[in-house]
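As a basis for the values below, the full set of heavy atoms in this structure was taken, side chains included, without hydrogen atoms, waters or symmetry mates. Chain letters run A, B, ... following the sequence lines, proteins first and then strands; every chain starts at 1.
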2 protein chains.
Amino acid sequence: MWADNQQREPRTDQPDGPRRRATIHDVARLAGVSRQTVSRAVNDKGEIDPATKERVLEAARLLDYRPSRFARGLVRKGAVTAGLVIPDLMNPFFPEVAAGVLEAAEQRGWQVVVWDSRTDDTREREALDVLSHQADAVVGYFRNEDDILARHLGGVPLVLLERGPQQTRFAAVGIDAAAGLEQGIAHLVRAGHRRIGMLDGDRRDVPGPRREAFLAEIRRHGLSVDESWVVMCPEHSVAGGEAGMARLLDSRPEVTAVFGFNDLIAIGAMRAARRAGRRVPDDLAVMGFDGLSLGELVEPALTTLHLDKRQLGRLAVEQVARLRAGEGPLNGADAWVRPELVVRGSA
Amino acid sequence: MWADNQQREPRTDQPDGPRRRATIHDVARLAGVSRQTVSRAVNDKGEIDPATKERVLEAARLLDYRPSRFARGLVRKGAVTAGLVIPDLMNPFFPEVAAGVLEAAEQRGWQVVVWDSRTDDTREREALDVLSHQADAVVGYFRNEDDILARHLGGVPLVLLERGPQQTRFAAVGIDAAAGLEQGIAHLVRAGHRRIGMLDGDRRDVPGPRREAFLAEIRRHGLSVDESWVVMCPEHSVAGGEAGMARLLDSRPEVTAVFGFNDLIAIGAMRAARRAGRRVPDDLAVMGFDGLSLGELVEPALTTLHLDKRQLGRLAVEQVARLRAGEGPLNGADAWVRPELVVRGSA
DNA sequence: TTGTACGCGTTATCAT
DNA sequence: ATGATAACGCGTACAA
């Protein structure tokens with residue numbers, strides 16, 4: 001039976017290009033000990049002579065030896081890596097969600113590899129193609145349909161952000177848009193508004209929960225509304241909101257209040273309205289959704305449906321944990337974050 | 001010579017707790033083929049009968065089989081993971097840097113695992129303790145000294161953000177604060193200001209590049225300045241800036257212009273000044289540093305020394321690449337990002 | 001088309 | 001205190 005020591009003398013005469021990384025075996029040879037001893041020294045276990053330990057460490061230093069995380073992971077179980085897919089790091093909303101994910105992951109001793117999909121379906125799939133190989137679970141925002149996601153997931157557990165159980169077969173953490181809009185529209189109606197528009201961020205043909213909740217509340221209050229009161233903002237940014245508001249003022253100049261898909265869009269609406277000569281909130285009330293701290297800095301400060309974004313991220317990690325434990329995901333109210341109306345100057 | 005097939009029948013009768021994950025071997029057994037065939041099916045190489053392939057994939061599905069990323073990484077080289085350590089995800093500056101890192105990393109096919117150190121020295125070290133085992137290189141913001149970093153790095157390459165070569169023995173990507181402040185102070189002086197204060201973010205005892213550049217420029221213009229004109233904002237946030245400005249107005253009520261360590265602090269300064277009854281920019285000019293898009297939304301819009309934050313991130317990744325290639329890091333102007341004065345309403 | 005026999009770099013177990 | 005040997009799970013020449 002060959003000792004594998006003897007079998008191992010490959011490409012030692014290679015013109016070391018990017019220089020093959022030293023292995024435990026190289027260190028062992030240089031220090032004149034066995035691999036096992038090197039392992040003991042490096043991971044400073046006991047049961048090793050201080051002298052040899054020092055000799056080994058010196059050799060390791062010399063060779064710039066670092067244990068392979070792959071070999072190590074193979075034999076020591078327990079290193080968990082989660083993938084996080086975010087649509088747009090420039091939108092302050094998502095870093096805050098990410099902070100929640102990182103926080104919860106760290107507490108469990110997990111690592112998080114982050115991808116920015118830039119709200120691009122193709123990039124979402126690419127992210128999954130990679131993460132399905134390199135992560136033990138994925139959480140994030142996705143526009144692709146369930147089937148497509150599943151195809152690129154290769155069996156890796158997925159937790160969707162801002163999706164209700166009705167809208168996906170994957171585990172999810174949602175936002176209770178209905179509960180939010182109920183407070184929001186009630187506030188506007190209470191203030192006397194009857195002609196309320198919306199700057200939506202979803203696609204015209206696939207109304208999201210926010211638009212549906214908006215329309216439902218408007219109708220519940222007996223106000224008239226049709227598609228002409230909802231304009232699309234594909235951009236999800238201040239600029240997108242400005243453009244959208246300009247169009248809304250064009251098609252529905254009689255509007256007295258607008259609800260923005262998110263705070264960025266709402267802030268854009270404020271700016272566009274002002275530029276069009278309307279004062280906020282006197283001539284036009286503006287309400288946002290998200291509760292970015294940014295909203296407190298603009299003038300007037302933004303009234304908004306505030307969301308606990310960190311909690312969203314934390315919940316997502318909890319869902320992942322349940323999936324991994326085979327417990328079945330959280331459902332119902334436990335997997336939802338409820339917005340809370342924060343009234344400031346703009347409405 | 002034993003076929004290792006036969007040697008492998010361990011703990012098959014375990015009361016599978018968190019259920020041992022299926023291996024390629026399990027799939028092979030269930031499908032009645034060799035592991036090699038499973039491998040071919042899963043990685044869809046050619047040279048496999050479509051029928052058996054389907055049978056294998058079915059078995060894999062049944063067992064919820066996913067190849068171990070460790071075993072795979074062991075045999076296929078090339079999967080690079082970089083660690084990114086950020087002080088505060090809530091400060092819009094850092095997500096933008098992160099975006100640059102992610103972008104550049106993705107182009108190279110690398111992954112990035114992110115840590116939020118919350119500007120905490122202890123957490124920085126903890127991050128390194130983990131990342132030194134799980135990442136092939138680390139880039140980020142660190143307050144710990146070189147020696148400490150090295151100790152927790154275990155030989156993993158490190159690229160420091162916002163440090164000049166003079167200030168560290170590690171590879172670094174810096175910001176040319178001097179070039180920025182030269183423009184900034186010149187602008188203020190040109191506007192007639194002679195009593196200029198600073199809201200600094202660094203520690204009183206260890207002046208950072210921004211403060212040093214600030215003092216140098218002030219002196220270069222022959223203006224008088226001493227420590228009483230510089231107040232500390234440990235917070236690096238709007239609130240921190242508000243508090244700092246209040247203190248500055250207290251100790252130096254004659255101030256006519258302030259330079260903020262970053263845009264957040266500068267915005268806080270504007271708010272505090274206004275609250276104290278001073279108009280911006282008429283009674284007090286305010287200049288920021290960073291060029292956050294947030295600065296365009298406040299009123300008046302913030303004059304600032306704008307930085308290409310994505311570029312900062314991209315450069316950091318490039319430094320990592322050079323380190324890995326053994327090329328020695330970029331130095332001098334190539335590893336620096338230069339601020340650019342953007343004049344808006346506040347100064 | 002399918003299977004055999006290693007090797008990847010590390011740690012754990014059991015001797016010595 | 002140190003070393004030999006066997007896993008860990010997967011990919012891959014090479015043989016069949």
Expressed in angstrom and rounded to an integer, what is the separation of His25(B) atom NE2 from dG3(C) atom P?
12 Å

Global bending angle along the helix from dT1(C)-dA16(D) to dT16(C)-dA1(D), which compares the axes of five pairs at either end, to 10 degrees:
40°

Check: Pro165(A) and Trp336(A) side chains under 4.5 Å, non-hydrogen atoms
yes

Mind calculating the distance between CG (Asp44(A)) and P (dT10(C)) to the nearest angstrom?
16 Å

Side-chain donor-acceptor pairs of residues 128-138 of chain A under 3.5 Å, sequence neighbours excluded:
{"unit_1": "Asp129(A)", "atom_1": "OD1", "unit_2": "His152(A)", "atom_2": "ND1", "d": "2.7"}
{"unit_1": "Asp129(A)", "atom_1": "OD2", "unit_2": "His152(A)", "atom_2": "ND1", "d": "3.4"}
{"unit_1": "Ser132(A)", "atom_1": "OG", "unit_2": "Leu128(A)", "atom_2": "O", "d": "2.9"}
{"unit_1": "Ser132(A)", "atom_1": "OG", "unit_2": "Asp129(A)", "atom_2": "O", "d": "3.1"}
{"unit_1": "His133(A)", "atom_1": "ND1", "unit_2": "Arg72(B)", "atom_2": "NH1", "d": "3.4"}
{"unit_1": "Asp136(A)", "atom_1": "OD1", "unit_2": "Arg69(B)", "atom_2": "NH1", "d": "2.6"}
{"unit_1": "Asp136(A)", "atom_1": "OD2", "unit_2": "Thr81(A)", "atom_2": "N", "d": "2.8"}
{"unit_1": "Asp136(A)", "atom_1": "OD2", "unit_2": "Arg69(B)", "atom_2": "NH1", "d": "2.9"}
{"unit_1": "Asp136(A)", "atom_1": "OD2", "unit_2": "Arg69(B)", "atom_2": "NH2", "d": "3.2"}

Ignoring backbone atoms, establish whether Thr37(A) has a side-chain N or O less than 4.0 Å from OP1 or OP2 of dA1(D).
no

Atom CG of Asp26(B) to atom C1' of dC10(D): distance rounded to whole Å?
13 Å

d(CD1, Ile48(B); C1', dT12(D)) in whole Å:
15 Å

Crowding at CD, Glu54(A) (>12 non-hydrogen neighbours, <6.0 Å):
yes

Is the CD atom of Gln167(A) crowded by more than 12 outside heavy atoms at less than 6.0 Å?
yes

List in chain and number order the residues that pass side chain to side chain donor-acceptor pair (under 3.5 Å) with Gln311(B), two or more places apart in sequence or in another chain; answer none if no residue qualifies.
Arg314(B)

Measuring to OP1 and OP2 of dG9(D), would you say a side-chain N or O of Lys77(A) lies under 4.0 angstrom away?
yes

5′-ward residue of the pair Ser34(A)/Ser68(B) relative to DNA chain D
Ser34(A)

Gap between atoms NZ and P, on Lys53(B) and dT2(C) respectively (whole Å)
12 Å

Please list all pairs meeting salt bridge (Lys or Arg N to Asp or Glu O under 4.0 Å) that have one or both residues in residues 107-122 of chain B, counting only residues at least two apart or in different chains.
Asp121(B)-Arg143(B)

Could you state the CG-C1' distance from Leu74(A) to dA6(D), rounded to the nearest angstrom?
13 Å

Thr52(A) side chain near dT2(D) phosphate (N/O to OP1/OP2, under 4.0 Å):
yes

Need one value for Arg69(B): base, sugar-phosphate or nothing, where a base atom within 4.0 Å counts as base even if backbone is also close, heavy atoms only.
nothing

Distance col, row Met90(B):CE vs Arg310(A):CZ, nearest 0.5 angstrom, shows 5.0 Å

Could you state the interatomic distance from NZ (Lys77(A)) to CZ (Phe70(B)), rounded to the nearest 0.5 Å?
8.5 Å

Sequence neighbours excluded, the answer for ring pair (Phe, Tyr, Trp, His ring centres under 6.0 Å) partners of Tyr141(A) is Phe94(A)

Atom NE2 of His133(A) to atom C1' of dG9(D): distance rounded to whole Å?
16 Å

Output one letter per nucleotide in nucleotides 11-16 of chain C: B when a protein non-hydrogen atom lies under 4.0 Å from the base, S when only the sugar-phosphate is that close, - when neither is.
BBB---

